[in-house]
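Report on one structure; see the data block that follows.
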Amino acid sequence: MTRRRPIVGPLLVVVAMTMAACDKRAPNTLDPQGDHARHIAGVWWLMFGLAAGVYLVVGGLIIISVVRGRGTEHGRPSRVGDNAFIWIGGVLVPIAILALLAVVTVTTTRVLDTHRKGALAIEVTGKRWWWDVRYPTFGFRTANEIRVPVGRQVAVTLESTDVIHSFWIPQLAGKTDQIPGQRNVLRFTAERAGTYRGECAEYCGVEHAKMNFVVLAVPSADFDRWAARHAQPPGVPEDELAARGQRVFLREACAGCHRIAGTPADATIGPDLTDLGARRSIGALTVPNDRDHLSAWIVDSQAVKPGNLMPPITLSKADLDALVTYLESLR
Ligand code: CUA
């Protein structure tokens with residue numbers, strides 16, 4: 001009869017954790033789904049392979065030296081008899097490895113910056129603590145959700161109006177800083193349709209950890225349909241409650257910070273709300289986008305995401321209800 005060794009339990013936990021880490025839904029640089037991330041993952045594996053090789057050789061030499069011990073049978077100290085060992089192992093091999101990595105890194109950097117014909121321009125500005133997203137070709141704006149066509153390069157111009165942020169979609173592209181007064185361009189092509197999580201990778205203040213976004217990579221035809229629809233501003237709401245909500249929005253403080261295309265509200269301090277009803281989350285992936293969370297956010301967003309720049313809004317229950325109906329109708 002075989003007894004289960006105590007090691008099996010912890011081993012299973014490690015295997016389970018590793019499998020969870022490989023979950024496709026989690027942001028993972030070693031699960032590239034775009035050309036940019038694939039090149040970076042390639043460099044990572046090369047570095048890992050070389051480092052592992054050096055580790056094994058050095059580790060092996062240490063084991064050999066321990067086994068052989070200090071002395072020989074004749075009492076003479078054991079030593080490497082010629083300088084070739086030092087020249088090869090200590091000088092030539094490190095130079096060769098570093099030179100290879102330098103060439104690969106520089107080549108990869110150039111490849112990553114290659115502009116492809118027909119690339120889609122997108123402008124993303126990092127704010128405290130959310131992302132303003134503009135599609136200059138189509139003239140519309142959104143926030144925290146970036147839709148891109150599969151198989152077509154996107155050239156994302158990255159800016160910041162306040163502090164330094166860093167734009168990172170682990171499965172699609174490497175990190176690129178967003179620096180006030182500077183425009184950096186990140187180019188990548190999503191290779192497969194899917195929803196990819198992005199995050200701010202540079203500490204930027206109290207809500208840095210809740211400064212996330214999603215990239216929705218969709219087939220080209222779906223993207224074109226979506227873009228054509230979004231280039232048209234939403235009309236006047238037909239629903240009576242939503243129409244009242246629109247009046248509340250324009251009358252209250254909301255319109256002082258937010259924009260909704262097709263209405264007089266044209267401020268860009270807070271996120272553009274033109275397609276708010278279609279978004280999955282509120283507060284840059286802080287809470288799901290539904291009636292309850294949206295109501296709670298409007299009344300006191302500080303309780304949901306402390307430190308964000310939106311003040312609490314005092315509304316009657318009926319006005320709040322109408323406002324939420326209006327905002328959720330925007331798609
Ligand atoms: Cu923005 Cu961290």
Side-chain angles (χ1 to χ4, degrees), residues 21 25-34 36-37 40 44 112-113 121-136 141-148 154-188 190 195-217 257-259 267-276 279-289 293-294 297 300-312:
R25 284 163 301 175
N28 181 354
T29 49
L30 297 182
D31 172 36
Q33 302 291 326
H36 198 287
I40 294 175
W44 189 91
L112 296 183
D113 205 32
I122 302 177
E123 296 169 354
V124 177
T125 303
K127 304 268 194 168
R128 282 174 296 162
W129 289 271
W130 56 279
W131 312 82
D132 180 39
V133 182
R134 298 175 307 281
Y135 290 79
R141 200 176 189 124
T142 181
N144 305 324
E145 284 190 13
I146 305 172
R147 203 170 287 249
V148 302
V154 289
V156 189
T157 303
L158 297 164
E159 293 172 272
S160 169
T161 50
D162 40 45
V163 295
I164 298 177
H165 304 276
S166 182
F167 183 88
W168 188 30
I169 320 150
Q171 272 148 310
L172 295 179
K175 299 168 190 171
T176 306
D177 276 1
Q178 292 174 288
I179 302 164
Q182 184 175 322
R183 291 162 73 91
N184 288 337
V185 180
L186 171 72
R187 301 171 211 279
F188 68 88
T195 303
Y196 305 105
R197 187 185 161 98
E199 46 204 57
C200 181
E202 175 86 31
Y203 182 73
C204 54
V206 63
E207 284 301 0
H208 159 71
K210 286 183 183 157
M211 185 170 171
N212 302 304
F213 61 99
V214 284
V215 172
L216 304 156
C257 289
H258 295 281
R259 173 180 179 272
T268 54
I269 297 169
D272 189 302
L273 302 179
T274 306
D275 63 346
L276 179 70
R279 289 187 213 148
R280 292 140 190 246
S281 75
I282 305 167
L285 269 63
T286 301
V287 286
N289 182 10
H293 284 102
L294 185 56
W297 180 275
D300 184 11
S301 67
Q302 297 301 322
V304 186
K305 187 173 176 177
N308 87 82
L309 304 187
M310 177 164 156

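Order of listing sets the numbers, starting from 1, for every ligand and every atom in it.
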Any N/O/S atom of E202 sitting less than 2.8 Å from atom 2 (Cu) of ligand 1, backbone or side chain? yes
Pair D162 + K127: basic N to acidic O under 4.0 Å: no
What N, O or S atom of H208 is found closest to atom 2 (Cu) of ligand 1? ND1
Report yes or no: does H165 have an N/O/S atom closer than 2.8 Å to atom 2 (Cu) of ligand 1? no
Quick one, N308 and W297 - any side-chain contact, counting heavy atoms below 4.5 Å? yes
Check: S281/N289 side-chain N/O donor and acceptor closer than 3.5 Å: no
Quick one: the SD of M211, atom 1 (Cu) of ligand 1, SG of C200 angle, rounded to 10°, please. 110°
With a 4.5 Å limit on heavy-atom distance, are the side chains of F167 and L186 in contact? yes
